[in-house]
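Encoded as structure tokens, the structure appears first; notes follow it.
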Amino acid sequence: MEKILIIDDSEMNREILGEMLGGDYEILECDNGVDGIRMIKEQGTGISLVLLDMVMPEMDGIEVLDIMGKNGWLADIPVIMISSEDSPEVIHKAYELGVTEYMRRPFDQLIVRKRCQNTIMLYSKQKKLVGLFADQFYEREKNSRLMTDILAHIVEFRNNECAMHVINVQRYTEILLKELVNVTDKYDVSDSDISMISNCSALHDVGKIGIPDEILNKPGRFTDEEFKIMKSHSALGAQMLNDLPFHREEPLVKMAYGIARWHHERWDGRGYPDGLKGDDIPISAQVVSLADVYDALTSERCYKKAFSHETAIEMISKGECGCFNPILMQCMMNTQEELRLVKEGSGSNIKGEAEIKDFARELLKSDALYSSDRLLHLLEYEKMKNRFFEGITGGCSFEYNAASKLLTLSKKAAESIGVDETIIDPVHNEKLIEIFGKETLKTLASKLRAMLPERPITQFYLHQIVAVKPGESAPVQSFRISFAAEESAHYPADTKCNVYKLVCRTTWTLEEPQRYTGAIGKLVTMAEDYGFMKGTDINDVRGLL
């Protein structure tokens, strides 16, 4: 059974909420924020939902939300804020900090149950989505790296170099870039940039395909002419990428071009092929250059033995392998232990499944689900619903979501009509068709969709026909919906007809063009008098719009 944690200093509120939800969920209770945080730490994702009071001693709801957000718990545990506080600033702050829903006291049992159920269902679906997305992302990432590594290995095979060179350079590049972001904001490097640069680093030596074998694999020193030919691999690799018959304008190809051409440039301008200096060299090529040199020093080649990690770091620090960006040198010193672990095989050379799934989770957390547009929409929608329901007291209520085709009825409404409280695709629901008729349901749906955002309120009439048939002790009831007042409709003498108003308010998106998203409403008696119903124009009620 799923667990709901209620954090509220009012014993009465906890008891009311527990009574409303206890039949379907295991209820946990805390009377203050400090104990609530302790409970969340103990239970973790075993908690499916937190109902959180705003005003409490020791630690209020805002502080609890802040702690949950800083610890990353809100990604897995949804929070519904409950309070009698209706200040827009407070509600806005709660949504900013990550609450999924906001409910005001006094509690409406239907609203409490449905919002808890919908929120738990939403997060459950989101967790499944994370898993599916992460699995697909992992497979694509793995296959992409596999193809890149195969191509790069072909190059290394011709060069008689270690097959791990490409993989190591990728990992060193990623390590150095992550540290670069930590130590300075001088370079605009995003997470996606780090991934792209690391992948493109595999093609840094692709130009070696065009270098003759006798030079590429010569064990001794190069002659001046041989060295000139060997150095041409950087320009040759860039030319190969530039001559691609397709995708030349893709960011990845442009990135690979820069790395292939300039990964032998040096900070002091003494590199090749263009003699670029300082930050005229793209940061991507600078980082790959340092990663390439470190791996070259610590790997065995046909012309030398491998140097130790410590020796390689010392040689690079002393400038024996050319001059590098001082900030990158600091990054290398800060991460040298991590570099050593990768070189020795103790560190991960490629992103693992868990790491990629974490990345997928971050992508979903940054999705529009948590954007300011959604925040504004939620705030406006909640205001509209509260105003509407506050204007109509008593009666049976309903809520319809057009996107999910989900009709939710209050318990009283469902019992009165004889249907379930939750109905999917009501226009095609067999029970509703039996009661009201298919054409009536279609007409009702089309009339709601035909409403306008500036005139969202309408009304229909529900006739409850009660008859006592011969030989039956219990009355038999049926229903009919009409679209004009028919209070004087004629029915057989042995029947009684109760006529109700079905007052509806359609809902719409905030962004232009506005789209119909559903409807809310209540069933009220004809005798009841509502101020907003007076006059010739039912939509002439500014407070409800």
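The figures here come from the full heavy-atom set of this structure, side chains too, leaving out hydrogens, waters and symmetry mates.
- With a 4.5 Å cut-off on side-chain heavy atoms, I229 and P212 count as touching.
- Side-chain atoms of S198 and T173 include no donor-acceptor pair closer than 3.5 Å.
- Applying the 6.0 Å contact sphere to CG of D243 captures more than 12 heavy atoms from other residues, nucleotides or ligands.
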>> Please evaluate residues E101 and Y95 with respect to the criterion side chain to side chain contact (heavy atoms under 4.5 Å, CB included), reporting the C-alpha separation (whole Å), side-chain torsions for both, the decisive distance (0.1 Å), and the verdict.
In response: CA-CA 8 Å; E101 289 283 4; Y95 276 116; 4.2 Å; yes
> When you look at L49 and L51, which way does the side chain to side chain contact (heavy atoms under 4.5 Å, CB included) test go after all the steps?
Replying inline: CA-CA 7 Å; L49 175 66; L51 299 180; 4.0 Å; yes
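- Using a 4.0 Å cut-off between a side-chain N of Lys or Arg and a carboxylate O of Asp or Glu, E226 and K218 qualify as a salt bridge.
- Atom NZ of K231 sits in a crowded spot, with more than 12 heavy atoms from other residues, nucleotides or ligands closer than 6.0 Å.
- Partners of A260 by side-chain contact (heavy atoms from CB on, under 4.5 Å), not counting sequence neighbours, listed by chain and number: L241.
- A salt bridge links E174 with K178: the closest approach of a Lys/Arg side-chain nitrogen to an acidic carboxylate oxygen falls below 4.0 angstrom.
- Taking all atoms of both residues into account, the shortest heavy-atom contact from L17 to I82 is CD1-CD1, 3.5 Å.
- Closest approach of R115 and I80 over heavy atoms only: O-CD1, 3.9 Å.
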Extract all donor-acceptor atom pairs below 3.5 Å that involve side chains of residues 283-294 and protein atoms in other chains or at least two apart in sequence.
from	atom 1	to	atom 2	distance (Å)
Q286	OE1	N325	ND2	3.0
Q286	NE2	D279	OD1	3.1
Q286	NE2	I281	O	2.9
S289	OG	H263	O	3.0
S289	OG	R266	NH1	2.7
D292	OD1	H165	NE2	3.1
D292	OD1	H204	NE2	3.4
Y294	OH	H309	ND1	2.6

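- Formation of a donor-acceptor pair under 3.5 Å by the E58 side chain with backbone atoms of G33 is not found in this model.
- Inter-residue side-chain proximity for D224 and K228 is flagged as unmet; no heavy-atom pair is nearer than 4.5 Å.
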> Stepwise, does the side chain to side chain contact (heavy atoms under 4.5 Å, CB included) test hold for Q117 with Y25?
Replying inline: CA-CA 10 Å; Q117 179 183 342; Y25 305 98; 3.9 Å; yes
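- Comment: D9 does not engage R14 in a salt bridge, judged by the lack of any side-chain N to carboxylate O separation of less than 4.0 angstrom.
- Looking at D66 and K70, a side-chain N of the basic residue comes within less than 4.0 Å of a carboxylate O on the acidic one, giving a salt bridge.
- For the pair T335 (side chain) and E338 (backbone), a donor-acceptor distance under 3.5 Å is absent.
- Of the possible polar contacts, one joining the D268 side chain to the R270 backbone as a donor-acceptor pair under 3.5 Å is found.
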> Does the pair N199 and Q170 meet the rule for a side chain to side chain contact (heavy atoms under 4.5 Å, CB included), with working shown?
Replying inline: CA-CA 7 Å; N199 282 333; Q170 284 181 312; 4.1 Å; yes
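- Between F222 and F227, the ring planes are parallel. Angles under 30° get that label, and only those over 60° would be called perpendicular.
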